[in-house]
Structure formats: C-alpha cells, structure tokens
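In what follows, a structure is listed as structure tokens, so that the remarks can point back to it.
What's counted below: heavy atoms across the whole structure, side chains too, no hydrogens, waters or symmetry copies.
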Amino acid sequence: MLIINHQTRLCFESSQITCALLLWDLQAKSVGNPARRLKTKGAYVTCESTLGFTPLSGFKVLDLSQGVAGPYCTQLLSHQGAEVIKIEPAQGDWGRHVGVSSNGHSTLSCTYNAGKQSFAVDAKHPEGKALILALAKTADIVVQNFRPQTVQRLGLDFESLTQLGLNPVYVSISGYGADGPFSENPATDSVMQADSGLMSTNRDVNGSPQRVGFLLADIATGIYAAQACTASLLQRAKTGKGVHVELNLFNVCCALQSTAFSEEVIAKQVIKQAVSAPNGIFDAVDGKITILALNNDQFQRISQALSLTHWEQDPRFATNELRLQHKAILHTELADVVRNWKVAELETRFNQHSVLHARVRNASEVLQHPQAQHLSTFQTLHQPGFGDVLIAATPWPVHTEKTPKPAPRIGEHSAKILNEIGLDSTAINKLATEHVIKL
C-alpha cells in the first residue's frame, strides 16, 4: 500500500517555507529594514515569529487556472500574503460545479479558492482579452492550466508577456506536458493516478489497484507549483528576468513514487510488503489500532507492553529481516492479544512503553483529536450561499486573521478590480451590459 504521511507533505511545505523566508529577507534588505532580516547563520527568524508573517505581501498573482492544482497553488500563495485575482468565465471555474454544490459554490471550490478575488470575464471577447492582459501587466505571478495554443491565442503565454517587456514568474500546469505523444490527452486526478502507476502502487493485499482516496495528483502538483513560485521569485530577484515554470501531473505522480518504482522495477519486489514486522492494523474490542516496530528496541517495547517477553528469546524474531520472514506468526499472536483490549487501554500501555502506535480514526474522530484541538487544526468557515465548510489550517501558521475569508462568488470583485486599473462605473456597467464581464 502507498503510504502518504505527514512527512511527505512536510517535505513540500518545508521547501516552500525556506524559499519564502529567503524571499522575505530579500524584501527586507531592499527596503533597508534590518529588524525584519533573517539571521543568516541560524535556522530561525530574528523577528517576533512566523505566526502572522506574510512573506508574499505586496505580490500580485493572476490566477487563470481552474479545478484543483492551480487554484491550490495560488491559495497557498494567498495564505502567505499575496493578493490573488481569480480569472474565470461567467459560469465560473468548473470546480464550482463538481461534487456537493449549490449557488455557484462547491466544497471543492470553497476549499481551494478561499480568500481570493473573483473577476468574471469573457476571455474570448476582444475587450475581455484586453482586460486580462491589462491585469497581467500588474502581476508578479501568472498561473494557468490551459493548453498551449489557448494561452497563445489569448496573448497570455509567457513569450507574449516577455515581448511586452514584462518579467513575470509564469507557471504552466498540464496533465502530461506541453509536447509529446500524450500532451493532448485530457487528464484528471483519477486518470493520472491510473496512468502514472499510483493505483498500482496503492494496490490492496490481493493485488487489485486502488485509487488513493483524495485528489493526491492535483494537490501534490499544487504544492510543487507553489514552491516553484517562491523559488522563481528568488531567481527573478537575483537576475531581474522572468521565469517560466512548466509542471505536469504525470511527472509529479512519478516523483512521488520514486522509491516504490525502484523497489518494484530494480529490486524486483513485485509483492508489496511492509518495511518491518510487526507492522499492521489490528482489531481491538472497540476499534482498530495500528502497531509497528522498525528496529529491535521498538520490538522489545511491544513485547514488554503486552507481556509477550518470550518474543525476545525467540531466534525467529532476533532481527527485522527474520521478523519479516515470520510476520504471519507475529501478527497472529499479536492479534490474539489485542482483540481482548479496548483501544484506550492499549494506548495507555503503549504510551508507557513508547510503542509506535495510533488508533485508526475516521474524519469525525480526527476533528475531536486532542492534538487537533490544541493546534486549532480545523476551522469552520461560513460560505455565503453555500453553508459551512471545514477548513484545515495551513501546516505553517502565516495568517494575520483568525478566520480565513470565504471563497468569492462568481465576479464578486469584477467592479473593484476594474476600478483599480482606471475604469469608471459607466465603463464597467457598459462591459457588464455587453456581457464582457459579470458583476
């Protein structure tokens, strides 16, 4: 089974944090503010803390993307202080109409577009094209997931913008890349999980491929894209030149599976197995619990916690390699013991002996997790016209606001955005009447 744990997400987030901190330092130096500079020989910030610091404050993002990967990228940038203008057609981003949806919002669109500004415009209309281009001229970052010929036709491709003397950080997100035999193939998260081998990597004990139960391909691409944005801003700060970042879901999914592919293709490990024994999910009286040991010390802790001390003298269990060979015996005996205990009783014993373990929780139980409550991991956001949406906190705290802003309705900020680039109410209303924009 494919294990996507907090360390996977942490690697992505840590890389982006590093870039954001360095970028913040460059900004501080550029305005001569030594109080906000980073201590270059340490691993910490010399200002008050990262809580509430917004390294991308003052940067503007033009979000031409729809769905999940692009919108999640720009939402992460918004969390870090960037102003994000979401460009969408009059009917809205297609993500607004997927899954549970109502009044132009869906759980998906609320989750990945909170805090943005919406500008609804007909990109095919000459005046609509001109308005988007005018906004692109004010943007530091442009994110899009159109096919290459589409952005070229709009005059919003990287080459066209650079010919106008602009130097944006430009992010293109696609399914398979800009060229090649599959470049024109339509791609979604499920398609990509199948075609990149993720479903096979995540196969069950019987060998049947299984889809990872959330939008892993899209979300991982969004995180990679956000990290690429901050890294590219650093590059632009050093060179003064724009950067074109090209990401595709196929390569992202392959990158996530590097170790799995090596094990299967090079090491010929066709049958997926755990890296240690015991290592599995076991039934207790009132629930399920995962128990594992990665080395001899951790194995001894399990044996002592459950009074299975004869394991320590059994030569079959002397090393992890031997324990893997006799995994069935270990798991059978462990299951016989665990089924007589309640999960809370096992947790108490395991905590006393520092055993690697965790109860298997469903979504509702995670919301009530003591650590989640301590960290304020979840917030309930009221989305006008839709209802309450559960929002998980950004893994590193940057918000100055206690509660994130809801996702915009379609075209909610069209008038405001156009007014800021010099159009008066008469011109704006005329554009709306002619269906160039939606207010």
Side-chain angles (χ1 to χ4, degrees), residues 61-78 84-125 128-129 131-132 135 142-154 156 171-176 178 183-195 211 214-223 225-226 247-250 252-253 383-387 389 391 406-414 417 435-439:
V61 179
L62 193 65
D63 182 5
L64 302 171
S65 66
Q66 298 188 40
V68 175
Y72 187 43
C73 163
T74 57
Q75 189 192 46
L76 288 171
L77 302 179
S78 174
V84 179
I85 297 177
K86 180 177 180 63
I87 306 294
E88 54 186 332
Q91 67 271 25
D93 177 344
W94 62 260
R96 291 178 178 271
H97 313 290
V98 174
V100 179
S101 61
S102 176
N103 296 319
H105 292 291
S106 69
T107 304
L108 186 149
S109 67
C110 293
T111 301
Y112 296 113
N113 291 292
K116 301 179 185 178
Q117 300 178 59
S118 171
F119 176 44
V121 60
D122 181 359
K124 297 178 182 178
H125 193 286
K129 259 169 58 173
L131 291 172
I132 298 173
L135 291 172
V142 177
V143 178
Q144 61 87 13
N145 61 352
F146 293 111
R147 293 184 179 182
Q149 59 269 30
T150 302
V151 287
Q152 290 168 1
R153 189 167 58 249
L154 294 173
L156 292 170
V171 179
S172 299
I173 298 174
S174 63
Y176 289 95
S183 61
E184 294 298 318
N185 285 26
T188 64
D189 188 275
S190 292
V191 167
M192 205 51 62
Q193 287 200 34
D195 210 14
R211 182 183 178 279
F214 63 99
L215 300 172
L216 175 60
D218 280 321
I219 292 170
T221 301
I223 298 172
L247 286 162
N248 63 79
L249 274 70
F250 183 78
V252 167
C253 289
Q383 180 67 54
F386 183 78
V389 179
I391 300 291
R409 63 171 175 80
I410 302 170
E412 180 176 344
H413 303 93
S414 296
I417 290 166
H435 303 292
V436 178
I437 66 169
K438 180 178 180 178
L439 300 176

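Applying the side-chain hydrogen bond (donor to acceptor under 3.5 Å, both in side chains) test to Ser106 and every residue at least two apart in sequence or in another chain returns Ser109. For Ser118, the side-chain hydrogen bond (donor to acceptor under 3.5 Å, both in side chains) partners at least two apart in sequence or on another chain are Glu88.
No side-chain heavy atom of Arg409 sits under 4.5 Å from any side-chain heavy atom of Pro384. Inter-residue side-chain proximity for Ile223 and Tyr72 is flagged as met; some heavy-atom pair is nearer than 4.5 Å. Within the 4.5 Å cutoff, the side chain of Gln117 has no heavy atoms near those of the Lys86 side chain. A 4.5 Å side-chain heavy-atom check between Trp94 and Leu108 finds every atom pair outside the cut-off. Residues Phe119 and Leu62 fail the side-chain proximity criterion, which asks for heavy atoms closer than 4.5 Å. Taking the side chain as every heavy atom from C-beta outward, Tyr176 and Met192 approach each other to under 4.5 Å. By the 4.5 Å heavy-atom criterion applied to side chains, Gln144 and Leu156 are not counted as neighbours. Two residues are said to be in side-chain contact when any heavy atoms from C-beta on lie closer than 4.5 Å; Lys438 and Gln91 fail this criterion.
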For Val191 and Phe250, run side chain to side chain contact (heavy atoms under 4.5 Å, CB included): C-alpha distance rounded to whole Å, both residues' side-chain angles, the deciding distance at 0.1 Å, then the answer. CA-CA 10 Å; Val191 167; Phe250 183 78; over 6 Å; no
Starting from the C-alpha separation in whole Å, work towards a yes-or-no answer on side chain to side chain contact (heavy atoms under 4.5 Å, CB included) for Val100 and Phe386. CA-CA 10 Å; Val100 179; Phe386 183 78; 4.2 Å; yes
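Among all heavy-atom pairs drawn from Cys110 and Ile391, the shortest one is O-CD1, 4.5 Å. Between Cys253 and Ala217, the closest heavy-atom pair is SG-CB, 3.5 Å. Contact detail for Asn145 and Ser65: the closest heavy-atom pair is OD1-CA, 3.3 Å. Across every non-hydrogen atom of Pro71 and Asn113, the tightest pair is CB-OD1, 3.8 Å. When all heavy atoms of Pro89 and Ile410 are compared, the closest pair comes out as O-CG2, 3.9 Å. Between Ile173 and Ala225 the shortest heavy-atom distance is CD1-CB, 4.1 Å.
In this structure, the separation between CD on Glu412 and NZ on Lys116 is 14.0 Å, given to the nearest 0.5 Å. The distance from atom CD1 of Ile85 to atom OG1 of Thr74, rounded to the nearest 0.5 Å, is 11.5 Å. A distance of 15.5 Å separates CZ of Arg96 from OH of Tyr112, quoted to the nearest 0.5 Å. Distance check, rounded to the nearest 0.5 Å: CD1 of Ile417 to CD1 of Ile87 gives 6.5 Å. With rounding to the nearest 0.5 angstrom, the CG atom of Leu247 is 7.0 Å from the OG1 atom of Thr221. Taking OG of Ser190 as the start and CZ of Arg211 as the end, the distance is 4.0 Å to the nearest 0.5 Å.
Listed for the Asp189 side chain is a donor-acceptor partner under 3.5 Å among the backbone atoms of Asp218. A donor-acceptor contact shorter than 3.5 Å is absent between the side chain of Gln75 and the backbone of Gly222.
When the shell of 6.0 Å around NE2 of His435 is examined, it contains 12 or fewer heavy atoms from other residues, nucleotides or ligands.
Across Asp122, Val121, Leu154, a single residue satisfies side-chain contact (heavy atoms from CB on, under 4.5 Å) together with Ile132, and that is Val121.
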